[in-house]
A.B. asks: 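I am attaching a structure below and will ask some questions about it afterwards.
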Amino acid sequence: EVQLQASGGGLVQAGGSLRLSCAASGFTFDDYTIGWFRQAPGKEREGVSCISNSDGSRYYEDSVRGRFTISSDSAKNTVYLQMNSLKAEDTAVYYCAAGPPPAWCSGSYYYPMYDYWGQGTQVTVSS
């Protein structure tokens, strides 16, 4: 059974930090791209960051580049999203997803390539 378990969300003040985790099981982790997406109320889902476990490539959406860092631990089958200098506009439900290459996250046309989605974790940044 495939599982993607997202965790680590919470309430934090602007300027604070959170680390999200995405624990994966049931598929060959090293062959997949793991992406972090978010959706705020009334807004479309957007790709925040993604990492290719096959070649280590990383992507960051413009608004988070320099503040967020994605990393992958293949020993634990877990991808992390370290979020620093959080802003009120980062408030959203964050989802992790897994897809085989060429899945990526730099555009919505990639989203259907993700086979598996986690349940989401709420991030709320108070200003």
A.B. asks: Could you list the donor-acceptor pairs under 3.5 angstrom formed between side-chain atoms of residues 25-36 and any protein atom two or more places apart in sequence or on another chain?
C.D. replies:
from	atom 1	to	atom 2	distance (Å)
Thr33	OG1	Ala103	O	3.4

A.B. asks: Cluster question for you: counting only ILVMFWY and a side-chain heavy-atom cut-off of under 4.5 Å, with indirect links fine, are Leu20 and Tyr95 together?
C.D. replies: no
A.B. asks: Under the side-chain hydrogen bond (donor to acceptor under 3.5 Å, both in side chains) rule, collect the residues that match up with Asp115, sequence neighbours excluded.
C.D. replies: none
A.B. asks: Just to verify, what does Arg65 make a salt bridge (charged side-chain N to carboxylate O under 4.0 Å, His left out) with, not counting sequence neighbours?
C.D. replies: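 Expected list: Asp62.
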A.B. asks: Once side chain to side chain donor-acceptor pair (under 3.5 Å) is applied, what residue pairs with a partner in residues 4-13 remain, sequence neighbours excluded?
C.D. replies: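 Listed once each, the pairs would be none.
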A.B. asks: For residues Ala14 and Ser127, report the shortest heavy-atom separation together with the two atoms involved.
C.D. replies: CB-CA, 4.2 Å
A.B. asks: Once salt bridge (charged side-chain N to carboxylate O under 4.0 Å, His left out) is applied, do any residues pair with Arg58, and if so which ones, sequence neighbours excluded?
C.D. replies: none
A.B. asks: What pairs with Ser54 under side-chain hydrogen bond (donor to acceptor under 3.5 Å, both in side chains), at least two apart in sequence or on another chain?
C.D. replies: Ser52
A.B. asks: Which pairs pass side chain to side chain donor-acceptor pair (under 3.5 Å) with one or both residues in residues 74-83, sequence neighbours excluded?
C.D. replies: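 Sorted result for residues 74-83: Gln82-Asn84.
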A.B. asks: For Gln3, which residues count as a side-chain hydrogen bond (donor to acceptor under 3.5 Å, both in side chains) partner, sequence neighbours excluded?
C.D. replies: none
A.B. asks: Under the 3.5 angstrom rule, does the side chain of Tyr60 hit a backbone N or O of Ile70 as a donor-acceptor pair?
C.D. replies: yes
A.B. asks: Within a strict 4.5 Å, meaning less than it, do heavy atoms of the Leu86 and Phe68 side chains meet?
C.D. replies: yes
A.B. asks: If the condition is ring pair (Phe, Tyr, Trp, His ring centres under 6.0 Å), which residues does Tyr114 pass it with, not counting sequence neighbours?
C.D. replies: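 Residues passing ring pair (Phe, Tyr, Trp, His ring centres under 6.0 Å) with Tyr114: Phe37, Trp117.
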A.B. asks: Which donor-acceptor pairs under 3.5 Å do side chains of residues 38-49 form with protein atoms, sequence neighbours excluded?
C.D. replies:
from	atom 1	to	atom 2	distance (Å)
Arg38	NE	Glu46	OE2	2.6
Arg38	NH1	Asp90	OD1	3.0
Arg38	NH1	Tyr94	OH	2.9
Arg38	NH2	Glu46	OE2	3.0
Arg38	NH2	Ser63	OG	3.3
Gln39	NE2	Lys43	O	3.1
Ser49	OG	Tyr59	O	2.8

A.B. asks: Heavy atoms only: give me the nearest Gly120-Val93 pair and the separation to one decimal.
C.D. replies: CA-CG1, 3.9 Å
A.B. asks: Just one of Thr124, Val125, Val12 clears the side-chain contact (heavy atoms from CB on, under 4.5 Å) bar with Leu18, so which one?
C.D. replies: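 When Thr124, Val125, Val12 are each tested with Leu18, the side-chain contact (heavy atoms from CB on, under 4.5 Å) holds only for Val12.
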A.B. asks: Over all heavy atoms of both residues, which pair between Val79 and Ser72 is shortest? Give the atoms and the distance, please.
C.D. replies: CG2-OG, 3.7 Å
A.B. asks: Give, for atom CD of Gln122 and atom OG1 of Thr91, the distance between the pair rounded to the nearest 0.5 Å.
C.D. replies: 7.5 Å
A.B. asks: Tell me every residue that passes side-chain hydrogen bond (donor to acceptor under 3.5 Å, both in side chains) with Thr121, counting only those two or more places apart in sequence or in another chain.
C.D. replies: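 Counting only residues at least two positions away or on another chain, Thr121 forms no side-chain hydrogen bond (donor to acceptor under 3.5 Å, both in side chains).
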A.B. asks: Could you tell me which residues satisfy salt bridge (charged side-chain N to carboxylate O under 4.0 Å, His left out) with Glu61, sequence neighbours excluded, listed by chain and number?
C.D. replies: none
